[in-house]
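Just below is one structure, and these are the notes that go with it.
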Amino acid sequence: MNNILSREFYLREAVDAAKDLLGKKLVTCFSNKITSGIIVETEAYSQWERGCHAFRGKTKRNATLFEEGGIAYVYLCYGVYNLFNAVTNVKGKGEGVLIRALQPLDGLEAMTERSQSEKKITSGPGKLTIAMGIELKHNEMSLQGNKIWIEDAPLIDPKNIQTSERIGLGSAGEDAHLPWRFSIKENKWVSR
DNA sequence: TACGTGATCACG
DNA sequence: GTGATCACGTAA
């Protein structure tokens, strides 16, 4: 298993890492069940814009974002869903990449069981964490460990990358329109 | 397009 | 303490 993305991959700006994460393979291994999927949709967040949790400075919830890149930032959204981010850049920056959608690969059975649903179980940030078994306790966990990791894969051709505005940012003002959502064109697993 | 949902954060 | 605010999903 030597094709796990190195720590260096994450030590740069979230926007760049978000683009390069498309096509990579997110893998989890919980209760001896391997589940994995191709990353087909991401969003970048940076401390200097309002859409980012780290915008107002470090708090108890977002402290993980300020750590060095290469770890997981998991938090509860709307009291219901866990969202999974990969922390990027050097310690103290407060940047990360939200994983919004996956194309299922291995462990489909375990995923459908966890989701208690049949279709589109990984098309959306809240659903994919359920399918992959990612929970709040995995916050701050290394992405080079044996529970959650991301494996390298060839870069996606830029002409197959769809760039658009980010989703669900109500009061981020101007920053809500930053073209920081990246997805693979014509992939049916991309969220609405 | 409406609303449930509950932790978190910025105020008193 | 308390109230407003969400990086969502589903039903309709």
Side-chain angles (χ1 to χ4, degrees), chain A residues 10 13-22 24 26 28 37 39-67 69 71-89 93-104 111-141 143 148 150 161-184 187-192:
Chain A
Y10 301 97
E13 302 213 347
V15 181
D16 296 327
K19 270 183 273 195
D20 289 355
L21 275 171
L22 290 176
K24 302 285 189 274
L26 175 64
T28 62
I39 298 171
V40 297
E41 184 179 349
T42 63
E43 279 180 11
Y45 289 88
S46 193
Q47 195 194 349
W48 52 265
E49 48 90 11
R50 284 184 58 86
C52 184
H53 284 167
F55 180 74
R56 292 165 200 270
K58 194 170 178 175
T59 65
K60 188 178 178 186
R61 179 179 68 165
N62 66 27
T64 309
L65 273 179
F66 289 85
E67 292 301 313
I71 61 176
Y73 169 46
V74 185
Y75 84 99
L76 184 66
C77 182
Y78 297 112
V80 185
Y81 298 102
N82 301 326
L83 302 202
F84 172 75
N85 300 244
V87 178
T88 65
N89 220 323
K93 281 284 189 180
E95 294 189 7
V97 177
L98 170 68
I99 309 299
R100 287 191 56 86
L102 299 174
Q103 176 178 333
M111 285 196 241
T112 46
E113 186 182 334
R114 288 198 277 241
S115 303
Q116 297 189 308
S117 169
E118 297 274 318
K119 27 178 201 180
K120 296 287 183 181
I121 53 176
T122 53
S123 296
K127 290 194 289 186
L128 75 87
T129 54
I130 298 175
M132 299 291 285
I134 296 172
E135 299 171 20
L136 289 180
K137 64 185 178 187
H138 304 124
N139 185 34
E140 222 168 348
M141 180 172 282
L143 297 178
I148 307 176
I150 300 179
I161 295 179
Q162 174 87 41
T163 303
S164 52
E165 294 178 3
R166 292 175 295 178
I167 307 270
L169 304 199
S171 63
E174 290 284 305
D175 295 330
H177 302 304
L178 287 168
W180 281 5
R181 172 176 177 238
F182 306 103
S183 55
I184 298 181
N187 186 295
K188 61 177 181 180
W189 291 95
V190 171
S191 70
R192 61 172 159 140

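Remember, it's a predicted structure, so these values are computed and weren't measured experimentally. Every heavy atom of this structure was used, including side-chain atoms; hydrogens, water molecules and symmetry mates were not. Residue numbering restarts at 1 for every chain, and letters A, B, ... go by the order of the sequence lines.
Formation of a donor-acceptor pair under 3.5 Å by the A:E41 side chain with backbone atoms of A:S191 is found in this model. Judged purely by atom type and a 3.5 angstrom limit, A:T64 has no side-chain atom pairing as donor or acceptor with the backbone of A:E140. Not a single donor-acceptor pair under 3.5 Å links the side chain of A:N85 to the backbone N or O of A:I99.
OP1 or OP2 of C:dC8 sits under 4.0 Å from a side-chain N or O of A:Y78.
Counting only N and O atoms by type, the side chains of A:S46 and A:E13 include no donor and acceptor under 3.5 Å apart.
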Could you run down the sub-3.5 Å N/O contacts of the protein with nucleotides 9-12 of chain C?
unit_1: C:dG9; atom_1: OP1; unit_2: A:P125; atom_2: N; d: 3.4
unit_1: C:dG9; atom_1: OP1; unit_2: A:G126; atom_2: N; d: 2.6
unit_1: C:dG9; atom_1: OP1; unit_2: A:K127; atom_2: N; d: 3.0
unit_1: C:dG9; atom_1: O4'; unit_2: A:Y81; atom_2: OH; d: 3.2

**Message:** Just to be sure I follow the notation: if a pair is Watson-Crick (purine N1 to pyrimidine N3 plus N6-O4 or O6-N4) or a G-U wobble (N1-O2 and O6-N3), each under 3.5 Å, what dot-bracket string does DNA chain C give, with | for pairs to another strand?
**Reply:** ||||||.||||.
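Under the 4.0 Å criterion applied to side-chain N and carboxylate O atoms, A:R181 and A:E165 are not assigned as salt-bridge partners.
Per the geometry, OH belonging to A:Y45 stands 12 Å off P belonging to C:dC6, to the nearest Å. Distance CG (A:L136) to C1' (B:dA7): 10 Å, rounded to an integer number of Å. When the P atom of B:dG4 is taken as reference, atom CG of A:L76 falls 17 Å away, rounded to whole Å.
For the salt bridge (Lys or Arg N to Asp or Glu O under 4.0 Å) condition, the pairs that include at least one residue of residues 43-58 of chain A, sequence neighbours left out, are A:E43-A:R100, A:E49-A:R166.
Residues A:Y73 and A:E67 form no side-chain contact, since every pair of their non-hydrogen atoms from C-beta on lies 4.5 Å or further apart.
The 12-atom threshold is exceeded at NZ of A:K127, counting heavy atoms of other residues, nucleotides or ligands nearer than 6.0 Å.
For A:T59, the listed nucleotide lying nearest its side chain is B:dC9; candidates were C:dA7, B:dC9, B:dA7.
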